[in-house]
2 protein chains.
Amino acid sequence: MDNMLEQKKQRSKYRLQRQSLPEALSESLRERILSGEFKEGDPLIQEAIAAEYECSRMPVREAFRQLEAAGLIVSKIHKGAIVSTLPSEQIMELFELRATLECDILSRSLEHLSDEDLAHSAQILKRLEVAYHTRDIARVGTLNWEFHRSLYRPAGRIQTLAILQGINVQIDRYIRIQLLLTSGFEEAEREHRQILSMCKDRDRQVVEFMRGHIIRAGHNLLEALNKRRVSDPAA
Amino acid sequence: MDNMLEQKKQRSKYRLQRQSLPEALSESLRERILSGEFKEGDPLIQEAIAAEYECSRMPVREAFRQLEAAGLIVSKIHKGAIVSTLPSEQIMELFELRATLECDILSRSLEHLSDEDLAHSAQILKRLEVAYHTRDIARVGTLNWEFHRSLYRPAGRIQTLAILQGINVQIDRYIRIQLLLTSGFEEAEREHRQILSMCKDRDRQVVEFMRGHIIRAGHNLLEALNKRRVSDPAA
DNA sequence: TGCGATCCAACTGGATCCAATCTACATGAC
DNA sequence: GTCATGTAGATTGGATCCAGTTGGATCGCA
């Protein structure tokens, strides 16, 4: 999150984004769910969270509503909230959705991609590789999406990006689990470099290559995940 | 919403779905926004809403969080919430997203479409036509999406349907405005019948026909909307 | 009259309090 | 001993209360 400044560069120069407590809370809680601190099925007790952040239960409740809308938790009336669980088929469906939407947006983006955009992407890719080789899992998850997004932004498709962002939040935690379990990211790393290179050439075949990249990542993830889910019957 | 029972038929037979006040509130408020009672840019004052529903401001605040997550309102800290506004390009983008996702899911659905599914769709279409000819705008909006969804459900793509549902909520209010302004729905009505007929024949060309149907609807909507937006500079 | 500082009303944000509901354990009847 | 019922503790849902912010109105001054 230390690259906020770069991201906001097109906005007003001196804009300080204040956020309400519920927003800050939901951001922090989201990160803790993605990091695996709160696992699938874990109950989230309002009072405990409130105590941790030294605030009342009220902002916690509003944060829960946001997390629920993002699909990270499910809450039943008078029974509290638990971290949501996604069946394998739905995880794969999310990867297929990504494939569909990212191919579409990448195709549109190619026509507007400037050299500065590509330089920016290259920079993110470099940081992503550093994060991967220092085993900084959280940063790998963040930067992986950051890299993809940097390629799509020139398309100017705000709604598509928003949906993709939401999908990414949903699957990020599983990607992190995969990274913790296996080291099957080298393939993705090679592919990322090839994607960037093809984008530099404005080679339209990159669109179909991206589709394969995403679907392969999904399959790899599911394979690792299913191994874990049968051995650990927490699901 | 009177077909709830049908939809839940595969669940436990006697399940009563209680909902919390915030949920009920956000549902009601969403409907009021979609119906145009609250227009783009209108401020939503917590206290006023709470008074209307004879409850405290607390459940209203939680409902606002949900509506914000759905993209129907935007709230600034210490300045309250207003009904969100979508620029024309983003409305068209949402229609293009619909085209992409609905073609994909329809294609998958075709392989599982049973005769019962088709009978159900036909029934909805009939109700949709009744609603249109009795000028029941709210029902037209609801049933239009209901018809589309009934064709996609057999695909079993939960996440895709959830995203499409979200998109539909976003554009429903503009569809209703269009229905109020013009009567350009006859074309869509003809197309609906043709879509259903092609589905009955399991004709795969229905996928591309659906794409045209959605894109045409988007263009018609934007045309009507732009006329209104230049004459009424509320945006 | 025009500009600016100050004050006030309206509203939102957050804390605390009370009520409703669920869970688990204990008690008692058969 | 087992099953049903009752009850207490925990937890959430909703109301009320207080503090902080905003925006506009008012007043003062040049």
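Here is the naming used below: chain letters follow the sequence lines, and residue numbers restart at 1 for every chain. Because the structure is a prediction, the values reported are computed rather than measured.
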Residues B:R30 and B:Q66: side-chain donor-acceptor under 3.5 angstrom
no
What residues form a ring pair (Phe, Tyr, Trp, His ring centres under 6.0 Å) with B:Y152, not counting sequence neighbours?
none
Summarise how protein sits on nucleotides 7-17 of chain C as a single string, 5' to 3': B when a protein heavy atom is under 4.0 Å from the base, S for sugar-phosphate-only contact, - for no contact.
-----BBBBB-
Flag for A:E23-A:S20: side-chain donor and acceptor within less than 3.5 Å:
yes
Distance-only side-chain donor-acceptor flag, B:S150 / B:D117, under 3.5 Å
no
Can B:R135 be said to sit on top of B:Y132's aromatic six-ring, NZ or CZ under 6.0 Å from centre and within 45° of the ring axis?
yes
To the nearest Å, how far apart are A:I49 CD1 and D:dT11 C1'?
13 Å
